[in-house]
Amino acid sequence: MKPENLYTLPIWDKKDEFVETILKTKSLRVERIISSGHTSENGFWYCQEENELVFLLQGEAKIEFSDGSIVSLKAGDYINIEKEVKHRVAFTSKEPETIWLAVFYQ
């Protein structure tokens with residue numbers, strides 16, 4: 001068994017975000033997501049059946065909520081988004097790429 005590194009960037013075409021499931025159980029899922037200027041499509045809102053604890057490891061991002069509020073995140077910040085709260089990604093940095101660690105739980 002060898003360790004992996006959350007900061008090692010994969011080679012991908014950057015057309016879409018890179019999503020890697022690190023751990024998945026019945027009640028928990030951990031994903032590493034890498035964005036490079038990616039945002040949610042206009043009019044699209046996430047409305048998940050799971051809670052989501054999001055850690056921003058690198059870069060900068062903005063999450064917009066359906067009530068009009070926007071949360072700005074920088075490396076080291078985290079936010080817990082309760083299930084069924086409508087939100088979208090309004091901004092992610094390209095340089096450096098944005099690295100998220102998302103923990104989805106019941």
Should Ile81 and Ile63 be marked as a side chain to side chain contact (heavy atoms under 4.5 Å, CB included) after you check the CA-CA gap, both sets of side-chain angles, and the distance that decides it?
CA-CA 10 Å; Ile81 303 170; Ile63 300 175; 4.3 Å; yes
Does Val71 share a hydrophobic cluster with Leu101, counting links as ILVMFWY side-chain heavy atoms below 4.5 Å and allowing steps through other members?
no
In Å and rounded to the nearest 0.5 Å, what is the OH to NZ distance from Tyr46 to Lys86?
15.0 Å
Heavy-atom closest pair (His38 atom, Lys14 atom, distance to 0.1 Å) is NE2-O, 2.9 Å
Grouping I, L, V, M, F, W and Y whenever their side-chain heavy atoms are under 4.5 Å apart, do Trp12 and Tyr7 come out in a common cluster?
yes
Considering all heavy atoms, the nearest Trp100-Ser35 contact:
NE1-OG, 2.9 Å
Taking all non-hydrogen atoms of both residues, which atom of Gln48 and which atom of Phe104 are closest, and how far apart?
NE2-CE2, 3.8 Å
For the residue pair His87 and Phe65, does the interplanar ring angle fall in the parallel (under 30°), tilted (30 to 60°) or perpendicular (over 60°) class?
tilted
How long is the span from the OH atom in Tyr105 to the CD atom in Glu52, to the nearest 0.5 Å?
9.5 Å
Can you establish whether the number of heavy atoms outside Tyr78 located under 6.0 Å from its atom OH is more than 12?
no
Main-chain N/O of Ser72 paired to Glu60 side chain as donor or acceptor, under 3.5 Å:
no
Rounded to the nearest 0.5 angstrom, the CD-CG distance for Gln106 and Leu28 is 9.5 Å
Can Leu23 be reached from Val19 by stepping across I, L, V, M, F, W or Y side chains whose heavy atoms are under 4.5 Å apart?
no
I need the full list of salt bridge (charged side-chain N to carboxylate O under 4.0 Å, His left out) pairs touching residues 15-28, with sequence neighbours left out, sorted by first then second residue.
Glu20-Arg32
ILVMFWY network linking Ile79 to Val103, side-chain heavy atoms under 4.5 angstrom:
no
Kindly check if the number of other-residue, nucleotide or ligand heavy atoms within 6.0 Å of CG (Asn5) is above 12?
yes
Ignoring hydrogens and angles, tell me if any N or O in the side chain of Asn51 forms a donor-acceptor pair with the backbone of Glu82 under 3.5 Å.
no
Search all heavy atoms of Thr39 against all heavy atoms of Thr92 and return the closest pair with its distance.
CG2-N, 4.4 Å
Only one of Leu57, Leu56, Ile34 passes side chain to side chain contact (heavy atoms under 4.5 Å, CB included) with Thr98, and that residue is Leu56
Decide side chain to side chain contact (heavy atoms under 4.5 Å, CB included) for Val54 and Ile33; before the verdict, give the C-alpha distance in whole Å, the side-chain angles of both, and the deciding distance to 0.1 Å.
CA-CA 10 Å; Val54 180; Ile33 303 165; over 6 Å; no
Ser40 side-chain N/O to Val89 backbone N/O, donor-acceptor pair under 3.5 Å:
yes
Between Gly59 and Ser93 the two heavy atoms that sit nearest each other are CA-OG, 3.4 Å
Worked check of side chain to side chain contact (heavy atoms under 4.5 Å, CB included) between Glu64 and Phe91
CA-CA 9 Å; Glu64 179 181 4; Phe91 169 81; over 6 Å; no
